[in-house]
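Input: a single structure, listed below in structure tokens.
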Amino acid sequence: MLLLLAILFGGYLLATGLTRLRPGLQWTRGFRGRLALAVLFCFTGAAHFVLVEEMAAMIPPFFPAPVFLVYLTGVLEIAGAV
């Protein structure tokens with residue numbers, strides 16, 4: 001949980017730093033927040049492909065094909081980031 005917060009805030013701080021270093025960017029706070037959230041979604045979506053078995057173990061047994069659902073949600077998270 002702390003790692004996810006660090007990624008979220010780190011992405012925001014990185015975007016803020018880039019905005020200050022390059023004044024021509026003029027990224028608003030809202031845009032920097034969306035960019036940080038997209039970075040977080042990419043990170044968690046990629047984790048679906050690395051930690052497949054661990055995430056499949058979290059899916060309740062009444063759902064069919066838990067590994068497929070892990071891959072599907074990983075793709076959807078990355079698509080949401082884009």
Side-chain angles (χ1 to χ4, degrees):
M1 183 68 149
L2 277 166
L3 177 63
L4 296 179
L5 284 174
I7 292 169
L8 182 64
F9 288 122
Y12 184 81
L13 291 175
L14 182 64
T16 301
L18 287 173
T19 302
R20 302 219 177 178
L21 288 175
R22 301 206 41 188
L25 289 178
Q26 297 181 351
W27 289 346
T28 64
R29 272 186 283 164
F31 179 78
R32 293 189 310 252
R34 288 189 300 273
L35 187 63
L37 192 58
V39 168
L40 179 67
F41 273 27
C42 283
F43 178 81
T44 56
H48 281 74
F49 298 100
V50 176
L51 305 170
V52 177
E53 293 302 321
E54 291 87 348
M55 291 195 180
M58 290 188 271
I59 297 176
F62 55 83
F63 283 106
V67 172
F68 171 75
L69 291 176
V70 169
Y71 285 129
L72 177 66
T73 55
V75 168
L76 292 175
E77 280 192 42
I78 292 172
V82 172

Where do [X] and [Y] come nearest, in terms of heavy atoms and distance?
| X | Y | result |
| --- | --- | --- |
| Ala56 | Val67 | CB-CG2, 4.2 Å |
| Tyr12 | Arg29 | OH-CG, 3.3 Å |
| Ala46 | Ile78 | N-CD1, 4.1 Å |
| Val52 | Phe49 | CG2-O, 3.7 Å |
| Cys42 | Ala81 | SG-CB, 3.5 Å |

Hydrophobic cluster membership, [X] vs [Y], 4.5 Å side-chain cutoff:
| X | Y | result |
| --- | --- | --- |
| Ile7 | Val50 | no |
| Trp27 | Leu21 | no |
| Phe62 | Met58 | yes |
| Leu37 | Leu4 | yes |

Does CD belonging to Glu53 count more than 12 external heavy atoms closer than 6.0 Å?
no
Counting neighbours of CZ on Phe31 that are heavy atoms of other residues, nucleotides or ligands and sit closer than 6.0 Å, is the number greater than 12?
yes
Please round to the nearest 0.5 Å and tell me the distance separating atom CG of Leu25 and atom CZ of Arg20.
12.5 Å
When rounded to the nearest 0.5 Å, the distance separating CZ of Phe68 from OG1 of Thr73 is 10.0 Å
Residue of the set Leu40, Leu13, Val39, Leu3 for which side chain to side chain contact (heavy atoms under 4.5 Å, CB included) holds with Leu8
Leu40
Please evaluate residues Thr19 and Arg32 with respect to the criterion side-chain contact (heavy atoms from CB on, under 4.5 Å), reporting the C-alpha separation (whole Å), side-chain torsions for both, the decisive distance (0.1 Å), and the verdict.
CA-CA 9 Å; Thr19 302; Arg32 293 189 310 252; 3.7 Å; yes
